[in-house]
Amino acid sequence: MLDKTFDPAAAEPRLYRQWEESGAFAPTEDPAAAPFSMVIPPPNVTGSLHIGHALNNTLQDVLIRFARMRGMAALWVPGTDHAGIATQMVVERQLAAEGNIGRRDLGREAFVERVWEWKAQSGGAIVNQLRRLGASCDWSRERFTLDPGLSAAVRKVFVTLYREKLIYRDKRLVNWDPHFQTAISDLEVEQREVDGHYWHLAYPLEDGSGEIVVATTRPETMLGDTAVAVHPSDERYKHLIGKCVRLPIVGRPIPIIADEYADPEKGSGAVKITPAHDFNDFKVGQRHHLPMINVLDAYARVNDNAPPGYRGLDRFAARKKVIADIEALGLLRGVEPTRHAVPHGDRSGVAVEPWLTDQWWVDAKVLAAPAIGAVETGETVFEPRHWEKTYFEWMRNIEPWCVSRQLWWGHRIPAWYGPDGHIFVAETAEGAAAQAREHYGRDEPLRQDEDVLDTWFSSALWPFSTLGWPEPTEDLKRFYPTHTLVTGFDIIFFWVARMMMMGIHFTGKVPFRRVFINALIRDAEGAKMSKSKGNVMDPLELVDVYGADALRFTLTAMSGQGRDIRLSKQRIEGYRNFGTKLWNAARFCQMNGAVAVEGFDPAAVTHVVNRWVRGETLKAVREVTAALDACAFDDAAGALYRFIWNLFCDWFVEFAKPILNGEDDAAKAETRATAAWVLETILKLLHPVAPFITEELWAQIAPEGRPRERLLIVEAWPELPDTWADPAAEAEIGLVIAAVTEGRSVRAELNVPPGARPDLIVAEASPAQAQAQALRANAQVIAHTLRSGALRFEDAVPEGAIAFVAGGVALALDVKGLIDLPAERARLAKEIATQASDIDRTARKLGNADFIGRAPPEVVEENRERLAAAEQAKARLQAILARLETVG
RNA sequence: GGGCGGCUAGCUCAGCUGGUUAGAGCGUCUCGUUUACACCGAGAAGGUCGGGGGUUCGAACCCCUCGCCGCCCA
């Protein structure tokens, strides 16, 4: 006998082990099986599972389990990302905490070794956390972005793109993170609103004929100014164009130039130009061939290109000094407070500097073109579709991608420099040496580029590098392109777009057919979860308390498309209860000997309750299947919830009770077998979302002595014939349900004592034959669920009975002496009013010639029927009320 | 400034290509221990679908406009 509740803590680890040991996570070898593959968005190797991972991986697991049960060769490739800057940051912090030296003092080799140690120590954590969640990844294929194979793929891609001139080295402005002393890509920069000032600085004209005032939020950059720009059509300054000002403090003469970048509406209309420290100014500088004077070093301290008094000053100290000096010179023309956006490094949190350096760039524009096309043609589709707009928006305006990072943890760039600076790009040092020999005519010492690649460079190859590319492996042949990618919208640019570009460029095929964008999880108040706010929900704690299934079901049910998820414990608790409900329904089946019967054919059932539930099961199977096919996870969860709780438990189990306790042995046996069959179908349907409890029940409800041949995880997904739809049974049981529901409502409203078992009267001389038959045939079932007495057929509602209408049939509960007359009158009056308003509304509609003329005939007919039914119901109720008046 | 979402019951959300009596869960209230389940059962209350226009026989759904809220990109 089952316990009263499921014990997830005890069962989950056992079940997971069972799955893993059974080999169920690997794709079937069956060559006839259609492939269904996914790659996991690799979490940071040293990270830990947060609630967003839980959502993302639950949805993937739902998909992969669904595919597996459908007999597909289901492969979910797991793995982790080395997460360059994030991981390096953690280890550097560790070093600092230990009072140790910085990484530069430690040296590259020792530092990288240290990171590997940290990876070895913490790297398994997140993978085990995925197991706790029930993720059925094929762990035998687990990959890490720094694995030898994946690293080889990275080098191959780099070298190929270099040869194709799609990767090049260039000196340009980059976003420089002075904290990490590395370049970062545009995507790693976030704009933060900060309070600042507009300082108005006067630059005296060189000829002494006056001054020109410029406004800036970054006065320290004036040390690197090489021009002042005014709008060409700005009458105020036209006469000054071509003249020079003498840059205060520095003393350098710089020209006044005409450029449309200067906005006459802003400030004085004149703008200082610092090409080496501002992206807009850089463009102006290029247009006008201005010198680019870099005045900051890698730490954002003022360098030797500035006057001596400034050298070595931090940028913020330099700002203060510039202001002070300008003021002392009498050139400060005003200060106004302002709030403006300042670019910050997303990891370091410090203001980034536009800084002029040599970096490696990927020509994203060229790679983007076919990636845009693939989504335009629908070769890859986004789900929900509207994310395609976001994708297009970015891809169509894509900028070159800075891929070099001045870090140590990552894929070292496969480029070597000769003594004269000549670049040799090759997959190996030997290859580079060979090129150099060719180039110089002799061996020359080469120096490998110190930099590593952006983490997202290797991530971009993930769908094919994990399958073995560039080797033509079996996996690659069978499982690429992958079927679906499940990820968050926050990495559409970082990751999805780049996989599209690299995938198409290197394999000629899109990396995935479908991209499902899952929602972002927030707390119950709608705030983004963050450690600093202290509102994070640890998925593992939730698993501890409620079980993995409850968390999974909650996340699935709440994953409505394109919307934030507000997660609350209350909700999880509700779905935990749902599991218990199912558990107890199974317990009921078990107590009643409802076990799977060998050779049972649901097609052959005859009892109307069984025929009905068979049809409802068919509907549920269709609904859940269609929903999962469409990634409509919330619909799938909703359909499961309703079918299991509101249909199977609330109605079928109740209907089964009188049959199982009755005298008809054939009906009993059939109902037991049907119940067992529906339950097993439920376990299959629910398994992708709630794998643990279903697998456990699958084992526990197996008939004594006959263990299951297979685990539920590899059972076949239900496919039921459409012929099992049974409109007649549906109509019959529908009437029963309506009668019981209405009857209960009436009982409650009139305070009929709960213990009373009043007779149910079919109060009409001649109800429709089918309906009368239906009620008669289900008298037992009705009596049980309505808690009524005998079912009687009478010509009219007898005195003292409370009448109601269900499914068009006039019914009454014979509660002589028990009813509260005034309450009953009020109830009837209210009911009549409801019908009257419906009649009114419908009649008005039907009275409208336009409606009759233009609405589709079936809609008109529908309304006619409704009107007739309402009028009939109203008439009946009025008659009863009238009689009640005379009685009372 | 550009773009994308959202605004439906006290709360969280469903409502597909216009025709439902606008739904669910939670919460609230009333009743209930009927041998699967109190992590339960039965019933009830609760919404002018953000405001205003328009299209249509008919709008929560389509169009315009305004107002908030959130996110992304400048």
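Since we're looking at a predicted model, the values are computed, not measured. Just so we're on the same page: letters track the sequence lines, and every chain starts at 1.
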Detail all sub-3.5 Å separations between protein N/O atoms and N/O atoms belonging to nucleotides 56-58 of chain B.
from  : atom 1 : to       : atom 2 : distance (Å)
B/C57 : OP1    : A/Arg854 : NE     : 2.9
B/C57 : OP1    : A/Arg854 : NH1    : 2.0
B/C57 : O2'    : A/Asn848 : ND2    : 2.9

Applying salt bridge (Lys or Arg N to Asp or Glu O under 4.0 Å), can you list everything that pairs with [X], at least two apart in sequence or on another chain?
X: A/Asp544; answer: A/Arg132
X: A/Asp278; answer: none
X: A/Glu730; answer: A/Lys619

(request) Under 3.5 Å for both distances, Watson-Crick or G-U wobble, that's the pair rule; now give the dot-bracket for RNA chain B, with | marking pairs to another strand and [ ] for crossing ones. (result) (((((((..((((.....[...)))).(((((.......))))).....(((((..]....)))))))))))).

Partners meeting side-chain hydrogen bond (donor to acceptor under 3.5 Å, both in side chains) with [X] (sequence neighbours left out):
X: A/His231; answer: A/Ser233
X: A/Glu12; answer: none
X: A/Thr5; answer: none
X: A/Thr390; answer: none

(request) Between protein and nucleotides 32-39 of chain B, map the contacts as a letter string: B base, S sugar-phosphate only, - none, heavy atoms under 4.0 Å, written 5' to 3'. (result) S-B-BB-B

(message) Base, sugar-phosphate or nothing for A/Gln570? Non-hydrogen atoms, less than 4.0 Å.
(response) sugar-phosphate

(message) Going by salt bridge (charged side-chain N to carboxylate O under 4.0 Å, His left out), name the pairs with one or both residues in residues 575-596 of chain A, residues two or more places apart or in two chains.
(response) none

(request) Determine the interatomic distance between C1' on B/G19 and the same-named atom on B/C61; round to the nearest Å. (result) 12 Å

(request) Would you please name every residue forming a side chain to side chain contact (heavy atoms under 4.5 Å, CB included) with A/Lys389, sequence neighbours left out? (result) none

(message) Starting the side chain at C-beta, find the nucleotide from B/C4, B/A44, B/C73 nearest to A/His386.
(response) B/C4

